[in-house]
Trainee: 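Before we start, here is the structure in question, set down as structure tokens.
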Amino acid sequence: MLAVTGVCFVSPIVHTNLFVGFGALVYNLMGYAPVRITHYTLLGCFPKHWMYVVSFFAQVAFTLTLAGAGFALSRKGHSEKKVTWLLVGAFLLYPIANRLFWYMNARVRGQDMLWFMNYKADFDQKPVPLFGNFYNFRFGEFCINMLVSAALYALAYWVITRYWPSLFRLQMLTVGALACIGGWVFWHMLLGPILY
């Protein structure tokens, strides 16, 4: 139970920093320095519209890579009956829970997920490779995010119901979920703002 609590508590902290670090690497490879690095994201507007496309697809690929590795390790832990692999697999699957936190937070705060529709006239004038214009990119980004989220939720359901033993599942969905929320609150409300 202590291992489950520890893994779940550090998952939001490690993954947030992992994604910020990965984003900074992608920005650097594109030749762009963010205006500011915060405890949860990189701030700044890209000078060229193609950078939005590259950054978006790099983040999606990174998320899917972590989810695929989490799935493989969960399956290995199930077949070999090793809790260590199940814990590492669950740790790598944390971006799925983070997406759920993000969507719930957006709903609670009343954020409009289709905000870009208010700027259609302006976004239509900005060309973006692969999508035609910036509005089409934002709409495509929204649709791809929804499809990726649905696929990740289905993957999480598959792993939880097929590969996690019942006691592990109970621990992860009760104590583990509370520890995840605790780690998320600890990072975003206390430690993150202090360090950044």
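This structure is a prediction, so every number in the text was calculated from the model and none was measured.
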Trainee: With a 4.5 Å cut-off on side-chain heavy atoms, are Ile96 and Leu100 touching?
Mentor: no

Trainee: Does a side-chain heavy-atom distance below 4.5 Å link Val128 with Tyr52?
Mentor: no

Trainee: Would you give the length of the straight line joining atom CZ of Arg99 to atom CE of Met104, rounded to the nearest 0.5 angstrom?
Mentor: 14.5 Å

Trainee: Mind checking whether Pro34 and Tyr27 have side chains closer than 4.5 Å, heavy atoms only?
Mentor: yes

Trainee: If we ignore hydrogens and angles and just use 3.5 Å, is the side chain of Arg36 paired with the main-chain N or O of Leu43 as donor and acceptor?
Mentor: no

Trainee: When rounded to the nearest 0.5 angstrom, what is the spacing between CH2 in Trp187 and CD1 in Ile194?
Mentor: 10.0 Å

Trainee: Look at the rings of Phe62 and Phe19 and say which category their plane angle falls in: under 30° parallel, 30 to 60° tilted, over 60° perpendicular.
Mentor: perpendicular

Trainee: Do Val175 and Trp184 land in one hydrophobic cluster if side-chain heavy atoms of ILVMFWY residues count as linked below 4.5 Å?
Mentor: no

Trainee: So how far is it from Thr63 OG1 to Leu66 CG, rounded to the nearest 0.5 Å?
Mentor: 6.5 Å

Trainee: Which atom pair, heavy atoms only, marks the closest approach of Gly140 to Phe131?
Mentor: CA-CE2, 4.2 Å

Trainee: Assess whether atom CZ of Phe57 is packed by more than 12 heavy atoms of other residues, nucleotides or ligands within 6.0 Å.
Mentor: yes

Trainee: Take a 6.0 Å sphere around NZ of Lys82 and say whether it holds more than 12 heavy atoms from other residues, nucleotides or ligands.
Mentor: no

Trainee: Are Ser149 and Tyr103 linked by a side-chain donor-acceptor pair shorter than 3.5 Å?
Mentor: yes

Trainee: Quick one: salt bridge (Lys or Arg N to Asp or Glu O under 4.0 Å) partners of Arg75, sequence neighbours excluded?
Mentor: none

Trainee: Could you state whether Leu18 and Tyr94 fall into the same hydrophobic cluster, counting links through intermediate Ile, Leu, Val, Met, Phe, Trp or Tyr residues with side-chain heavy atoms under 4.5 angstrom apart?
Mentor: yes

Trainee: Might you point out which heavy atoms bring Pro129 and Trp50 nearest each other, and give the distance in Å?
Mentor: CG-CB, 3.5 Å

Trainee: Below 30° counts as parallel, above 60° as perpendicular, anything between as tilted: where do the rings of Phe137 and Phe56 land?
Mentor: perpendicular

Trainee: With hydrophobic residues grouped by side-chain heavy-atom distances under 4.5 Å, do Tyr196 and Tyr40 end up in a single group?
Mentor: no

Trainee: By the definition ring pair (Phe, Tyr, Trp, His ring centres under 6.0 Å), identify the one residue from Phe116, Phe123, Trp115 that meets it with Tyr135.
Mentor: Phe116

Trainee: Out of curiosity, Arg169 CZ to Ser166 OG, how far, rounded to the nearest 0.5 Å?
Mentor: 6.0 Å

Trainee: Apply side-chain contact (heavy atoms from CB on, under 4.5 Å) to Ser11 and Val7, showing your working.
Mentor: CA-CA 6 Å; Ser11 288; Val7 165; 4.1 Å; yes

Trainee: Considering all heavy atoms of both residues, which atom of Phe71 and which atom of Leu93 are nearest to each other, and what is their separation?
Mentor: N-CD2, 4.1 Å

Trainee: Would Leu190 end up clustered with Phe101 when hydrophobic side chains under 4.5 Å apart are linked, directly or stepwise?
Mentor: yes

Trainee: For the ring pair Tyr119 and Phe134, is the centre-to-centre distance below 6.0 Å?
Mentor: no

Trainee: Could you state whether Leu29 and Val60 fall into the same hydrophobic cluster, counting links through intermediate Ile, Leu, Val, Met, Phe, Trp or Tyr residues with side-chain heavy atoms under 4.5 angstrom apart?
Mentor: no

Trainee: Does CG belonging to Leu2 count more than 12 external heavy atoms closer than 6.0 Å?
Mentor: no

Trainee: Could you tell me which residues satisfy salt bridge (Lys or Arg N to Asp or Glu O under 4.0 Å) with Lys76, sequence neighbours excluded, listed by chain and number?
Mentor: none

Trainee: Any donor and acceptor pair, going by atom type alone, linking the side chain of Asn17 with main-chain N or O of Ile13 inside 3.5 Å?
Mentor: yes

Trainee: Could you state the interatomic distance from OG1 (Thr174) to CE (Met172), rounded to the nearest 0.5 Å?
Mentor: 10.0 Å

Trainee: Could you tell me if the side chain of Val26 sits less than 4.5 Å from the side chain of Gln59, heavy atoms only?
Mentor: no

Trainee: Treating Tyr32 as the side-chain partner and Cys45 as the backbone partner, does any N or O pair qualify as donor plus acceptor under 3.5 Å?
Mentor: yes

Trainee: Any idea which heavy atoms bring Pro95 and Leu92 closest together, and the distance?
Mentor: CD-O, 3.2 Å

Trainee: Could you give the distance from CG (Leu173) to CZ (Phe168), rounded to the nearest 0.5 Å?
Mentor: 9.5 Å

Trainee: Evaluate the side-chain proximity of Tyr163 to Trp85: yes if any heavy-atom separation is below 4.5 Å, no if none is.
Mentor: no

Trainee: Indicate the atoms forming the closest heavy-atom contact of His39 with His188, along with that distance.
Mentor: NE2-O, 3.4 Å

Trainee: Check the angle between the aromatic planes of His15 and Phe91 and answer parallel, tilted or perpendicular using the 30° and 60° thresholds.
Mentor: tilted

Trainee: Identify the heavy atoms of Leu86 and Pro165 that sit nearest to each other, and give their distance.
Mentor: CD1-CD, 3.6 Å

